[in-house]
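What follows is a set of notes on a single structure, which appears directly below.
Being a predicted model, the structure only gives us computed values, none of them experimental.
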Protein chains: 2
Amino acid sequence: MDIVNEIIEKLGKASKIAVVGHIMPDGDCISSVLSLSIGLEKLGKFAMPMIDYNVPWFYREFEGTEKIKDFEGGKKFLEESELLVILDSSSPDRIGRVKEYMERKFTIVMDHHATNSKFGDLNWVDSNYSSVAEMVFILNRMMNVNYDPLLATLNLMGMATDTGFFKYSNVSADLFRKVADLIELGADLNFIARTILENKKVEQLRLFSHVLNQMKFRANNRLVYSIVRFEDFERYSCTEEDSSGFVNELRSIRGVEVAILFVEYPKGRIHASMRSKSYYDLTKVASEFNGGGHPRAAGATFDDENMEQVVKKVVGRIERDLTN
Amino acid sequence: MDIVNEIIEKLGKASKIAVVGHIMPDGDCISSVLSLSIGLEKLGKFAMPMIDYNVPWFYREFEGTEKIKDFEGGKKFLEESELLVILDSSSPDRIGRVKEYMERKFTIVMDHHATNSKFGDLNWVDSNYSSVAEMVFILNRMMNVNYDPLLATLNLMGMATDTGFFKYSNVSADLFRKVADLIELGADLNFIARTILENKKVEQLRLFSHVLNQMKFRANNRLVYSIVRFEDFERYSCTEEDSSGFVNELRSIRGVEVAILFVEYPKGRIHASMRSKSYYDLTKVASEFNGGGHPRAAGATFDDENMEQVVKKVVGRIERDLTN
């Protein structure tokens, strides 16, 4: 843990620290950014959680998320900060406009994506961790941060979301001991589950019903994909974030190894969310399409291409692997 | 833990032990029955896991389930057994035809249903446990049962399923420490999740799509219900077990406190599966309709009544509570 000690030393010497997450933030990003910021504040630092993107509305139900600044709101602090800590981001383009500040500021990167390009001045990158929230918990405890129920809940939220609520292959005995510790510190796991998983809009379920009706199977039913076009989002009064869990549902079909959801949002921009069940490594395919992620969960974005082209390219590429 | 020591003493003196689960077995039932039987076998006993009902096909993918006897297959062992251990069953009618043997055999009941009638000669009933599998793990460890990866996986399976994969309000720090221990002993949680949650038939998803299209809301959208008739099961080539997770999906809608799925299977027999999200206690309603369960998950069965009557009765009863 030499790198962790180096990070702690660097944080110890700074006073104003910007803690930055990635665009299209997920639970782990929001959890990590807040848990580290709150931890640093408890140690007497000025810390600012910042994400250059909209935080999905249901995460706003977690007390503390109101502290997260957008780019405009955090610009002044960024200017004055001595350190950037960038979390859960595999490359500089994942942090939006904060990227511009990297050259002028000492940058610490903490991440668990195997595809991380180690673009910081200090890089703690370890794909053995289920979530960056797990790494933040280690760091906070090594810095003797005092946990209250709110911080415990926020920190646990990222561990829960990035493991699919403890179902994915990235869980470990150590992770469950951390979960036990956080629950003892007052973390409310049922609140996390209710807020994130049991907060679906009816419109969202109707859109899901549409996705189920559009399913297509390839490679002897080992590959399933479905499509949500921009017009579908409009028809069902939904936005991109409403479709975030659907690809996991597609993967849940018996015999399926790879599931892909193609989402057009906003108009003209297509994102392919990919999931695999037990053996297919998605990182390679994601990289080929300039995307990134984990072996079992990855994604890639396509601009200025039409849906048919993108589907053909991505489905064709994976189908070839699965049938060989 | 006086009662646990009493149970251990009783088990210690017996040689042939029947370990019995309930009809319509779920993950906790199957897990508990197998984990205790295997544990007792490892201690040199003759133990027989028995369930007077069909074990759902996807549970059959767990090695060890082939040991579970049905009523005919286990009858001879039952006759000769000195002890019945009845697991996860709140009343004698839950164990099917094994009930007939209770009068002649010393009976131990282990359960976590608050509604348990304590019908055994020794009763370890404690609704603080998330699952009976958790209680079996305690018992096995107190008896110094040696865990291998297979037993660890089977034992963890019940803890996972009865907590909705660690999402419900019945989880505790202690439970997560047990999970950590079992993972260290070789339990494969990802296999459990893949086998139970990611093994859906396409037909099942199409039936789910149908259920979504039949949703009805009451009590200011705090109550949602849907219906699957016997004809629907036939149309989508599904059986009752295919609909088992649907009611949780209905509960996952924003603002919903109670979700009910009415299922007619087989023809003429209607089962109401009820779930609540954060405060509504379902045990009372379930008892009124001669059913049982937990505060957040309960059920009741209706014979010789038509769907409209049952829906009106159950929905009306809960709607009254929610609007007062």
Whatever's closer than 4.5 Å to a heavy atom in chain A on Ala193(B) counts as side chain
Measure distances from Ser172(A) to the heavy atoms of chain B and classify the residue's part below 4.5 Å as side chain, backbone, both or neither. backbone
Heavy-atom proximity to chain B below 4.5 Å, by part of Arg251(A): both
For Glu184(B), the side chain to side chain contact (heavy atoms under 4.5 Å, CB included) test, sequence neighbours excluded, returns Ala173(A), Arg177(A)
What residue in [options] has the most heavy-atom pairs under 4.5 Å with chain A?
options	value
Lys201(B), Glu198(B), Lys277(B)	Glu198(B)
Asn248(B), Ile183(B), Leu205(B), Asn199(B)	Asn199(B)
Asp174(B), Asn170(B), Asp181(B)	Asp181(B)

Got a donor-acceptor contact below 3.5 angstrom from the Glu257(B) side chain to the Tyr280(B) backbone?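 A pair under 3.5 Å: yes.
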Are side-chain heavy atoms of His113(B) and Asp88(B) found at a separation under 4.5 Å?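 Heavy-atom side-chain distance check passes, below 4.5 Å.
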Only pairs of heavy atoms separated by less than 4.5 Å count here; which of Ser278(A), Ser169(A), Ala187(A) has the most with chain B? Ser169(A)
Salt-bridge present (Asp232(A), Arg235(A); N to O < 4.0 Å): yes
[atom2] on [Y] to [atom1] on [X], rounded to 0.5 Å:
X	Y	atom1	atom2	result
Ser252(A)	Leu197(B)	OG	CG	8.0 Å
Leu34(B)	Tyr59(B)	CG	OH	12.0 Å
Ile318(B)	Lys284(B)	CD1	NZ	11.5 Å

Taking every non-hydrogen atom, the tightest pair across Ala297(A) and Leu282(A): N-CD1, 3.9 Å
Using heavy atoms and a sub-4.5 Å threshold, report which of residues 206-223 of chain A line up against chain B, by residue number. Arg206(A), Phe208(A), Ser209(A), Leu212(A), Asn213(A), Met215(A), Phe217(A)
Aromatic rings His112(B) and His294(B): how do their planes relate, parallel, tilted or perpendicular, breaks at 30° and 60°?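 It falls in the tilted class, 30° to 60°.
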